[in-house]
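This report refers to the structure that appears directly beneath it.
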Amino acid sequence: MDDWKSTVWLEKARYKPHRYYIRDEIEEIIKEENIDRNRFHEFSKFGYEDIIKKFYYNFADYKNFTPSRIHLDYTFMHIRNNLDVHYIDCFFRTDNWVEYMETVRAEISHITEKMYLILEQGWVYEGYVKEIFDVLIETDCGLTDCYIVSSKFDWFIAISYIEDNATIYRKQ
């Protein structure tokens with residue numbers, strides 16, 4: 001995003017709650033990059049909660065860490081210990097967001113079905129690998145923790161801002 005566009009975008013966003021910044025940015029990226037909404041789109045607002053609950057109850061250790069609400073912040077997720085874990089990459093290895101995202105994309109580039117992109121702020125998107133990463137690569141502001149989740153809920157990739165790494169978790 002050009003500097004002047006970022007400034008204008010931040011000026012407009014100043015009056016909204018913080019959780020809307022990334023949603024607005026993704027909407028702008030979809031428009032600017034002419035991303036086909038059949039290949040990447042915001043999931044139904046009426047279906048957000050179901051997808052988040054499926055994600056949470058498939059992968060979080062909710063039996064030992066019973067929260068008053070579902071947290072999507074990586075440090076509060078309490079991911080189950082019985083999942084197969086594979087570290088994909090660390091942002092600090094290259095200090096280059098595009099290269100980091102390309103390394104993560106390579107891990108799942110062979111997958112052809114739609115999957116979910118769940119943001120820590122609670123937004124849920126549905127799309128294919130190429131379009132999900134086209135959007136992630138272009139994000140400038142507000143992206144913290146996010147999860148790329150298979151539509152079968154048998155694996156997910158956590159991209160953590162705090163941990164500065166990407167990790168894939170699979171059910172065994």
Side-chain angles (χ1 to χ4, degrees), residues 19-27 29-30 35-91 97 100-139 142-172:
R19 69 183 297 261
Y20 289 92
Y21 291 3
I22 189 64
R23 182 176 178 231
D24 292 347
E25 182 180 11
I26 288 174
E27 184 60 31
I29 291 168
I30 291 170
I35 294 175
D36 181 347
R37 290 186 188 270
N38 291 321
R39 297 200 45 89
F40 182 84
H41 57 89
E42 188 172 356
F43 195 74
S44 166
K45 290 171 188 64
F46 300 111
Y48 273 21
E49 191 174 328
D50 290 340
I51 298 300
I52 290 171
K53 282 182 179 178
K54 281 182 186 177
F55 169 64
Y56 185 79
Y57 288 111
N58 271 285
F59 299 111
D61 184 3
Y62 59 88
K63 291 179 182 174
N64 293 318
F65 300 94
T66 308
S68 57
R69 69 178 184 85
I70 293 175
H71 291 275
L72 294 174
D73 180 330
Y74 185 74
T75 58
F76 295 116
M77 270 285 294
H78 300 291
I79 296 167
R80 291 182 187 174
N81 291 329
N82 65 345
L83 299 174
D84 182 44
V85 181
H86 169 70
Y87 296 97
I88 301 170
D89 200 2
C90 177
F91 174 71
W97 181 253
Y100 175 55
M101 286 293 101
E102 290 295 341
T103 304
V104 177
R105 179 195 320 222
E107 188 74 24
I108 58 170
S109 62
H110 63 284
I111 296 174
T112 59
E113 71 263 3
K114 281 187 177 180
M115 56 196 73
Y116 301 106
L117 172 63
I118 301 174
L119 306 182
E120 176 193 352
Q121 294 84 351
W123 308 116
V124 179
Y125 295 86
E126 183 179 38
Y128 294 95
V129 172
K130 179 190 179 312
E131 287 75 14
I132 287 172
F133 282 93
D134 287 351
V135 168
L136 288 175
I137 284 170
E138 291 296 321
T139 57
L143 182 66
T144 51
D145 296 345
C146 67
Y147 308 93
I148 300 166
V149 185
S150 80
S151 59
K152 296 174 187 167
F153 294 92
D154 55 349
W155 62 264
F156 76 96
I157 294 175
I159 299 171
S160 172
Y161 175 76
I162 297 292
E163 299 289 327
D164 286 317
N165 68 20
T167 307
I168 190 165
Y169 295 87
R170 294 186 197 316
K171 289 183 176 179
Q172 295 182 12

Test side-chain contact (heavy atoms from CB on, under 4.5 Å) applied to Glu131 and Asp36, step by step: CA-CA 8 Å; Glu131 287 75 14; Asp36 181 347; 5.9 Å; no
Distance in Å, Tyr125 OH paired with Ile132 CD1, rounded so as to fall on 0.5 Å steps: 11.5 Å
Gap separating the OH atom of Tyr128 from the CD1 atom of Ile111, nearest 0.5 angstrom: 13.0 Å
Distance (rounded to the nearest 0.5 Å) between Glu138 CD and Leu136 CG: 10.5 Å
Backbone of Glu120 reached by a side-chain donor or acceptor of Tyr147 within 3.5 Å: no
Non-hydrogen side-chain atoms of Met101 and Ile159 separated by less than 4.5 Å: yes
Passing option when Phe55 is tested against Tyr169, Phe43, Tyr48, Phe156 for ring pair (Phe, Tyr, Trp, His ring centres under 6.0 Å): Phe156
Shortest non-hydrogen contact between Asp154 and Phe59, atoms and distance: C-CZ, 4.0 Å
Lys54 side chain reached by Val149 side chain, heavy atoms, under 4.5 Å: no
Smallest separation among heavy atoms of Ser151 and Glu113, with atom names: OG-CG, 3.9 Å
Any side-chain heavy-atom pair of His110 and Val129 under 4.5 Å: no
Aromatic ring proximity, centroids under 6.0 angstrom, Phe153 and Tyr116: yes
Heavy-atom check, side chain of Glu25 versus side chain of Thr139, under 4.5 Å: yes
Parallel, tilted or perpendicular: rings of Tyr57 and Tyr62 (30°, 60°): perpendicular
Distance-minimising heavy-atom pair for Gly122 and Ile52: O-CD1, 3.6 Å
Beyond-backbone contact of Lys171 with Asn58, side-chain heavy atoms, under 4.5 angstrom: yes
Side chains of Lys130 and Arg105 in contact at under 4.5 Å (non-hydrogen atoms): yes
Closest non-hydrogen atom pair, Ser160 against Asp145: CA-OD1, 3.3 Å
Atom CD of Glu49: over 12 foreign heavy atoms under 6.0 Å: no
Report all side-chain donor-acceptor pairs from residues 81-91 shorter than 3.5 Å, counting only partners two or more places apart or in another chain.
unit_1	atom_1	unit_2	atom_2	d
Asp89	OD1	Arg93	NE	2.7
Asp89	OD2	Arg93	NE	3.4
Asp89	OD2	Arg93	NH2	3.0
Asp89	OD2	Thr103	OG1	3.4

Side-chain heavy atoms of Ile51 within contact of Glu126, under 4.5 Å: no
Taking every non-hydrogen atom, the tightest pair across Asp61 and Arg80: N-CG, 3.8 Å
Reported CD-to-CD1 distance for the pair Glu107 and Ile148, which is rounded to 0.5 angstrom: 11.0 Å
Within-4.5 Å side-chain heavy-atom neighbours: Ile26 and Leu119: yes
Heavy-atom closest pair, residues Trp123 and Ile22: CD1-CG2, 4.0 Å
Asp134 CG to Ile35 CD1 distance, which is reported to the nearest 0.5 Å: 5.5 Å
